[in-house]
2 protein chains.
Amino acid sequence: MTDVARNRRPGPRLEEVARAAGVSRSTVSRVINEEPYVSAKARDAVHQAIGALGYSPNQAARTLAGNRANCIALVVSEQGSRVLSDPFFAGVLRGVHAELAGRRVQLVLMMTQQDDEQDLVGYLAGGHVDGVLMVSLHGQDPLPLKLSEAGVPIVVGGRPLVGDGIRYVDSDNFNGALEAARYLVSTGRRRIASIAGPRDMAVGMDRLNGWRRGMAEAGLATDLVVHADFTPDDGAAAMADLLAREPDLDAVFVAADIMALGALRVLHNKGRRIPDDVAVVGFDDLMIASTALPPLTTVRQDVEQLGRTMTWCLLGQLAGEEGLPPSLLLPTSLVIRSSA
Amino acid sequence: MTDVARNRRPGPRLEEVARAAGVSRSTVSRVINEEPYVSAKARDAVHQAIGALGYSPNQAARTLAGNRANCIALVVSEQGSRVLSDPFFAGVLRGVHAELAGRRVQLVLMMTQQDDEQDLVGYLAGGHVDGVLMVSLHGQDPLPLKLSEAGVPIVVGGRPLVGDGIRYVDSDNFNGALEAARYLVSTGRRRIASIAGPRDMAVGMDRLNGWRRGMAEAGLATDLVVHADFTPDDGAAAMADLLAREPDLDAVFVAADIMALGALRVLHNKGRRIPDDVAVVGFDDLMIASTALPPLTTVRQDVEQLGRTMTWCLLGQLAGEEGLPPSLLLPTSLVIRSSA
DNA sequence: CTGAAAGCGCTTACAG
DNA sequence: CTGAAAGCGCTTACAG
């Protein structure tokens, strides 16, 4: 602390750019913020000065003066802290980042804990961020609604189960599951089970309903359903359960690849040939789907695109754009491999 | 823009806290920053006022006035944009976040692109962040060295191959691989191969060298080595290669679970029983290790702890703590399942 | 232990 | 299209 200069942020200031370009600070600011009503001559001079000096604006000062945070938060509602290793989250993050590239918007990552939710709402509503992207694996999460009520612009990844007006982007889980069901029917399967996701998650219910619709179209029964968590072990337990109830089932639609992994193991251990005896279709198209034994037929969702679209929606909202869709569903596609 | 009040950050200011507590702004600031030389009476009054008003300080103003960013960057050097879905990255991120909890330090996520590296160095060295955590999967990456030379405090996750003075935290890959090798030897294996990682990554070389040392200890040959990328397909190709060269190999140490997945598939397809004919040991202990067929014996590294430790190192450095270790290796442990 | 005052580096009406 | 000036909300020597 003896050397004050060392504590000072290095680099030129807007002031110096103005001097070098022969204009006022106001004009430099306008150029930087790409405002209209700047002469081409002034603009060029400023750009050149910025380049020559290597100027980069102080974000804190911009935020303080502009009453804009230049920052959005990605909030992950953490269930047992396993979210981050989820490929879904990773894909969304990748998409968010890609969409933000080149914009002067920073991404701050926040995770909710059970106890600090009120703090988090206070923080996010307190102007530290301009808007919020949220990935909530748990549909009942009250946080999106609270933030929305607090006036924070928010876009949720995955349909929330509570809060009607909340903008979200999701994969079209219903139609993805419907397509999977139709495919199984088209290949001659008749006794088709489903390992569904949790009841408190929209993704679980939407995929279940899509499968149900497909069964109904074909006049097939929908009694063979077991709900399970999105883990291999739960998928395995569910598969064992289904086989005990109906040894003659000839297909199973598993609402997530990660559960399908467990289901494949159980089918293999019980001596069922895949797909000869039992056809298996998963959902998500994780990397592990293609390396499973046998390679898994599955419904592909593009989670990176989901992240990009969420970000696009939020930025549009922040820019005051008109006519943005309230919510969006992204198409899925069936990837046929060996398991069905 | 007609309603100016709407554009103003909501909530009370430090000024109001000072008034409510009956002290000056300076004193409130000191309390907030936990500085010494504040009377207990003043401290209590301030805390009470903060609570009553629901005050939360404006980070931008703190940053601007304090010449401190209150923010660290997590930089991910992106190779083909597949990094984010890597469980390694996810675990590190979780650890970083956990270690940051409760501190008034924000985490900004940045990804390097090929073309903007100079911009990134400029940005990170420009005082926008106080320090940098970096996860570079590619050991030759010049970025850590450049940042270090630019005076940016940095801690790297995973040993960098260039830049001697750079502080890093890594798992003890050498000893983990050594333990794996010793275990295979102890179970009577004699013709032991290894699928090694890429040569340009420290993690690849360290695990290879650990295995070599274990072989040397037992007087066994180290000729059966194939280098491969950390993907299931590359692991599969490497396994096929090894079997072609030495049909009688009785064990293989695979330097990453994700490659082991492919190796298991090839061994299975070629009719080798695991572990009866060929024992397989992986590295990492990913979730997929326990659900592989058969469940994979592997060397566990605690990547979340890696993230926590990186963060701890960086924060200590920023706080000017003395006697911090230059770099750290975290212990690994062998997890014995069915494959070996 | 405490307060008055300067200053961090921008943006933004306002007046021209 | 442009500039002078006020102000964003804090921190930090400085003086006491």
Side-chain angles (χ1 to χ4, degrees), chain A residues 1-19 21-46 49-50 53 55-71 104 126-128 130, chain B residues 1-19 21-46 49-50 53 55-71 104 126-128 130:
Chain A
M1 300 293 174
T2 46
D3 182 5
V4 172
R6 204 199 312 195
N7 273 359
R8 193 143 172 284
R9 199 172 163 270
R13 303 290 175 271
L14 185 139
E15 175 81 51
E16 283 124 74
V17 175
R19 213 156 31 212
V23 299
S24 71
R25 282 154 52 204
S26 310
T27 297
V28 177
S29 177
R30 289 187 191 105
V31 172
I32 288 171
N33 293 296
E34 296 176 355
E35 282 172 23
Y37 303 125
V38 180
S39 66
K41 188 168 159 246
R43 196 190 321 276
D44 291 347
V46 168
I50 288 176
L53 295 171
Y55 172 71
S56 126
N58 182 319
Q59 293 302 327
R62 300 185 75 203
T63 297
L64 183 57
N67 268 318
R68 217 179 313 113
N70 302 306
C71 177
R104 287 199 206 79
H128 295 105
D130 298 317
Chain B
M1 304 294 169
T2 47
D3 183 5
V4 172
R6 206 197 312 196
N7 274 359
R8 192 140 172 288
R9 199 171 163 270
R13 302 290 176 272
L14 184 140
E15 175 81 51
E16 283 125 72
V17 175
R19 213 155 34 213
V23 299
S24 71
R25 283 156 50 205
S26 309
T27 297
V28 177
S29 177
R30 290 190 189 102
V31 172
I32 289 172
N33 292 295
E34 297 176 354
E35 282 172 23
Y37 303 126
V38 181
S39 67
K41 188 167 160 243
R43 197 192 318 277
D44 290 348
V46 169
I50 288 176
L53 295 171
Y55 172 72
S56 123
N58 182 319
Q59 293 303 328
R62 300 186 77 204
T63 298
L64 183 57
N67 268 317
R68 216 179 314 110
N70 301 307
C71 176
R104 287 200 206 79
H128 295 104
D130 298 317

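Each chain gets a letter, A, B and so on, in the order the sequences are listed, and its residues count up from 1.
The distance from atom CG of A:Asn58 to atom P of C:dC8 is 11 Å, rounded to the nearest whole Å. Atom P of nucleotide C:dT11 and atom OH of A:Tyr37 are separated by 20 Å, given to the nearest angstrom. Put simply, CG on A:Leu14 is 5 Å from P on C:dC10, counting in whole angstrom units. In this entry the distance linking CD of B:Glu15 with C1' of C:dG3 reads 12 Å, nearest Å. The CD1-P distance, from A:Ile32 to C:dC10, rounds to 7 Å in whole Å.
Using a 4.5 Å heavy-atom cutoff, the side chains of B:Asp130 and B:Arg68 are in contact.
For the OP1/OP2 pair of D:dC10 and a distance below 4.0 Å, the side-chain nitrogens and oxygens of B:Tyr55 include at least one atom meeting the criterion. A sub-4.0 Å separation between OP1 or OP2 of D:dG3 and a side-chain N or O of A:Thr27 is present. Taking 4.0 angstrom as the limit, B:Ser29 places none of its side-chain polar atoms (N or O) nearer than this to OP1 or OP2 of D:dC10. Within the 4.0 Å cut-off from OP1 or OP2 of D:dG3, not a single side-chain nitrogen or oxygen of A:Arg19 is found. Using a 4.0 Å cut-off, no side-chain N or O of B:Ser24 falls inside it from OP1 or OP2 of C:dA4. Listed pair B:Arg25 / C:dA6 fails the phosphate criterion, with no side-chain N or O lying under 4.0 Å from OP1 or OP2. Remark: A:Asn33 is in phosphate contact with C:dT11, judged by side-chain N or O atoms under 4.0 Å from OP1 or OP2.
Atom CD of B:Gln59 is separated from atom SG of A:Cys71 by 10.5 Å, given to the nearest 0.5 angstrom. In this structure, CG on A:Leu14 lies 5.0 Å from CD1 on A:Ile32, to the nearest 0.5 angstrom.
Residue B:Arg30 has its side chain nearest to C:dT2 when only C:dT2, C:dG9, C:dG7 are considered. Proximity note for A:Glu35 (side chain, C-beta onward) versus C:dC10, D:dT2, C:dT12: the nearest is C:dT12. Minimum atom distance to the side chain of B:Val23 is reached by C:dG3, of the listed C:dA13, C:dG3, D:dG9. With C:dG3, C:dC10, C:dA13 as the candidates, the nucleotide lying closest to the side chain of A:Ala61 is C:dC10. Nearest nucleotide to the A:Pro57 side chain, out of D:dC10, C:dC10, D:dG3: C:dC10.
In terms of heavy-atom proximity, B:Ala60 sits nearest to A:Leu64 at CB-N, 4.0 Å. The two residues B:Ala42 and B:Val38 come nearest to each other via the heavy atoms CB-CG1, 4.0 Å.
Helical stems in DNA chain D, defined as runs of 3 or more consecutive Watson-Crick or G-U wobble pairs with donor-acceptor distances under 3.5 Å: C:1-3 with D:14-16, C:5-12 with D:5-12, C:14-16 with D:1-3.
Inspection of the A:Arg62 and A:Asn33 side chains reveals an N or O donor paired with an N or O acceptor under 3.5 Å.
Nucleic acid contact for B:Ala60: none, since no nucleic acid atom lies under 4.0 Å from a heavy atom of the residue.
Judged by distance alone, with hydrogens and angles left aside, the side-chain atoms of B:Arg13 form a donor-acceptor pair with the main-chain N or O of B:Gly11 at under 3.5 Å.
At a cut-off of 3.5 angstrom, the base of C:dA4 holds at least one donor-acceptor pair with the side chain of B:Ser26.
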